Amino acid sequence: MSKITLALPDGSALEVARGTTGLQVAQSLGSRLAQAAVAVQLNGQALDLNRPLETGGPFAVLTFDDEAGREVYWHSASHVMAAAVLRVFPEAKPTIGPPISDGFYYDFDVYRPFSDEDLERIQAEMNRLIRADLPFEREEVSREQALEIFADNPYKRELIEELPEDSAISLYRMGDFVDLCRGPHLPSTGRIKAFQLTSIAASYWRGDENRQSLQRIYGTAYPEAKMLQAHLDRLEEAKRRDHRRLGRELELFLFFEEAGAGLPYYLPNGAMLRQIVCDYALQQHLRRGYQLLRTPHLTRADLWETSGHAQQGYPMYYTDVEGVAYGIKPMNCPGHILLYKSKTRSYRDLPLRFFELGTVYRHERSGVLHGLLRVRGFTQDDAHIFCTPEQLTDELVGVLAFARDILAVFGFSDFEIDLSTRPEKAMGSEEIWERATAALRHALEVAGLEYHVDEGQGAFYGPKIDIKLRDALGRLWQGPTIQCDFNLPERFDVTYIGEDGREHRAVMIHRVVLAGIERFLGVLIEHYAGAFPVWLAPVQARILPITDRTLEYGREVHRRLREEGFRVELDESRGTLSAKVRDAELLRLPYILVVGDREAASGAVAVRHREQGDLGPQPLEAFVERLRVESQPPQAHP
RNA sequence: GCCGACGUAGCUCAGUUGGCAGAGCAGGGCACUUGUAAUGCCCCGGUCGCCCGUUCGAAUCGGGCCGUCGGCUCCA
């Protein structure tokens, strides 16, 4: 019998007989590992546990702790769900059902939308399938056989027809359910210990809105009930800190049906928070050599012809002014370009960094609006850097460092970075794109940042770097975007006079750090769950006089703190101290200052800290000092 | 924009075999003058999202629109 050699993750080598199954190898490595195993990986390819190993190579046992292992687990769960759906809706046509970041879904073509009651019936069927502990069985068939098996499912047939001519087509059978599937799968349905169908939604076949509308069911599954519970708790926590809910509870912002969708109105607390963020952003930009600009919201529509936005069908708003077409700006770039071009620029002037807290409006489709995270009117901390081609890389490196520093100040230090390359609908030559992409790549490498290449996802005018922020709950949010642009400088004829006395084409970088201020606030609210650090808190302290006797002293404290520039409130309401403390706690204020007869007599305040609770009385001036220190933003490394 | 669900007081939500619209919290008044997460009593508050239709009669049934939510798609 011939042998094969497996290279294990710990660096050791294991020799086994050819045809040994992955499960047997796992058992030889340890019974606990074998129990936890969901599949194995050989030469980078995931295989069923009962699949005989035919070749040697790098080998690993996959468990639920591995991303690839979770995918196998969730993919199997999606098959179980599809099987259950077919039992409840025999005429439903399954399409695709992949694992996703925290579970799985399956899309069906079905004659009517699923309801919540359907979900319960499907879950009950799933439980039956799991209790029956049905094995997943792999078989390989010819294209003709596959087309025959899925004769009544045009979706599967479409997928089969797209598979390469010579490839073996694999099917997985589980009870009387057969699905076209590359695999691998769990050995049997009984391995799914805890699952939950989480929601019903609509989708389109292949994500194309012109094709068949499908019904999607989302679910998740875990090998232990307590892991499922932890996941459901996370969802609950996410709901609890949803910025739309906190926006109302903390009186930050509102939307009005009568005023229009996607247009936020800020209440005093929200407007203050927004201002603090904007002031900080401006100050940081000035420190890094940016110059402040201001451009109008409305411009002649011609400008958007020159920029190419109009031809691209960019979703902007147009209006008519005395017979002349105007557009509300969806971007700040053309305005910055006009100001750049307002005089002849020398190479000595470059790089020129123009910054604006620029408010833009875009006609986002009604279905995509989402609280502050997706709105129709928003303000960007937008800047355009005009530089020479030689300066490009240094500027990009500087922007990356800037972004990282600023985000750290707001409590974000975990990122995922995408480099997006040329999309199909692109302007400019391949060569120009190549150059820009190479510069971004180089900047990322110089900055020592890990990134992932997102082919074809660039803007129509240039490639870009997208930085996604991971928040306190581990969720990712769109953050800074850095775009290289060789196209607008051409279209607007943006030049500088070089050392040689001749005119040269300038290079342009578009970049936002906080990106949309609205979106950033939404993310910030969820990240901090509304409990903002002192430097950001719209109200830093609330003063609670215990009785009318100390109201006047409370006013004195209020006046004193306000004079120092602190954001403080005085609670003049009547009622018990407990009730006032509760009101203030619900607003997640960093400090509550209780003033009663004892404090009034000694010029003190009794300090209650949001996290640490009652800190006892201290002299007012001591508290002023404390607040002065804590009101400073954390230091960014300049 | 598309698919589905939803829209009742400022907020959270009850309320239909079609027959005068409810609660808690919030708000106002009064009493209480209180030491760290809800003092008590009383009161105010609703074109039941908007428009059209069906009906003797519509919060309830039908249609259209607006908005919100979950997705698709898109995106800062």
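What you are looking at is a predicted structure, and each value in this text was computed from that prediction instead of being measured.
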Any strand: nucleotide that pairs with [N] via Watson-Crick or wobble, under 3.5 Å:
N      : result
B:rC65 : B:rG49
B:rC2  : B:rG71
B:rC56 : B:rG19
B:rC30 : B:rG40
B:rG24 : B:rC11

Remember a base hit wins even if backbone is also touched, and classify [X] as base, sugar-phosphate or nothing at under 4.0 Å, heavy atoms.
X        : answer
A:Ile517 : nothing
A:Glu585 : base
A:Val375 : base
A:Val512 : nothing
A:Ala606 : base
A:Glu518 : nothing
A:Ala202 : base
A:Gly575 : base
A:Asp583 : nothing
A:Gly367 : base

Any [X] side-chain N or O less than 4.0 Å from OP1/OP2 of [N]:
X        : N      : value
A:Arg362 : B:rC74 : no
A:Arg608 : B:rA37 : yes
A:Lys464 : B:rA76 : yes
A:Arg549 : B:rU34 : yes
A:Thr481 : B:rA76 : no
A:Tyr218 : B:rC72 : yes
A:His370 : B:rC74 : no
A:Arg374 : B:rU68 : no
A:Arg244 : B:rC69 : yes
A:Thr576 : B:rU39 : yes

Write down the atom of A:Arg216, the atom of A:Asp107, and the distance for their closest heavy-atom approach.
NE-OD1, 2.7 Å
Could you check whether the side chain of A:Tyr204 and the base of B:rC2 have a donor-acceptor pair of N or O atoms closer than 3.5 Å, going by distance alone?
yes
Please state whether the base of B:rG35 and the side chain of A:Glu599 form at least one donor-acceptor pair under 3.5 Å?
yes
When you get a sec, tell me which of [options] is the closest nucleotide to the side chain of [X]?
X        : options                : result
A:Arg519 : B:rA37, B:rU39, B:rA76 : B:rA76
A:Arg248 : B:rC11, B:rG1, B:rG67  : B:rC11
A:Thr547 : B:rC72, B:rU34, B:rU73 : B:rU34
A:Leu577 : B:rU73, B:rC75, B:rU36 : B:rU36
A:Asp614 : B:rG4, B:rA76, B:rU36  : B:rU36
A:Ile546 : B:rU36, B:rG1, B:rU34  : B:rU34
A:Ala579 : B:rA38, B:rA76, B:rG35 : B:rA38
A:Glu257 : B:rA38, B:rG70, B:rG7  : B:rG7
A:Val581 : B:rC72, B:rC75, B:rA37 : B:rA37

Look up atom CG in A:Asp382 and atom OG1 in A:Thr359, then write down how far apart they are to the nearest 0.5 Å.
10.5 Å
Considering only the [atom1] atoms, how many Å lie between [N] and [M], rounded to the nearest integer?
N      : M      : atom1 : value
B:rU17 : B:rC30 : C1'   : 46 Å
B:rG64 : B:rG4  : P     : 11 Å
B:rC61 : B:rU8  : P     : 15 Å
B:rU55 : B:rG67 : P     : 32 Å
B:rU16 : B:rA58 : C1'   : 11 Å
B:rG24 : B:rU60 : C1'   : 24 Å
B:rG46 : B:rG22 : C1'   : 11 Å
B:rA5  : B:rC43 : P     : 42 Å

Checking [X] side chain against [Y] main chain: does a donor-acceptor pair fall under 3.5 Å?
X        : Y        : result
A:Asn269 : A:Pro538 : no
A:Arg244 : A:His370 : no
A:Gln483 : A:Lys464 : no

Can you tell me which residue among A:Arg555, A:Arg542, A:Lys580 is in a salt bridge (charged side-chain N to carboxylate O under 4.0 Å, His left out) with A:Glu572?
A:Arg555
When A:Glu518 is tested against each of A:Arg376, A:Arg374, A:Arg274 for salt bridge (charged side-chain N to carboxylate O under 4.0 Å, His left out), which residue passes?
A:Arg274
Does A:Phe415 reach the side chain of A:Leu407, with side-chain heavy atoms less than 4.5 Å apart?
yes
Tell me, do A:Tyr591 and A:Val534 make a side-chain contact under 4.5 Å, heavy atoms counted?
yes
Measure from the ring centre of A:Phe378 to the centre of the six-membered ring in the base of B:rA76, then say whether that distance is under 5.5 Å and the planes meet at under 30°.
yes
Is the closest basic N to carboxylate O distance between A:Arg511 and A:Glu395 below 4.0 Å?
no
Taking CG from A:Leu263 and C1' from B:rA76, how many angstroms apart are they, rounded to a whole number?
15 Å
In whole angstroms, how far is the C1' atom of B:rC3 from the CG atom of A:Asp118?
15 Å
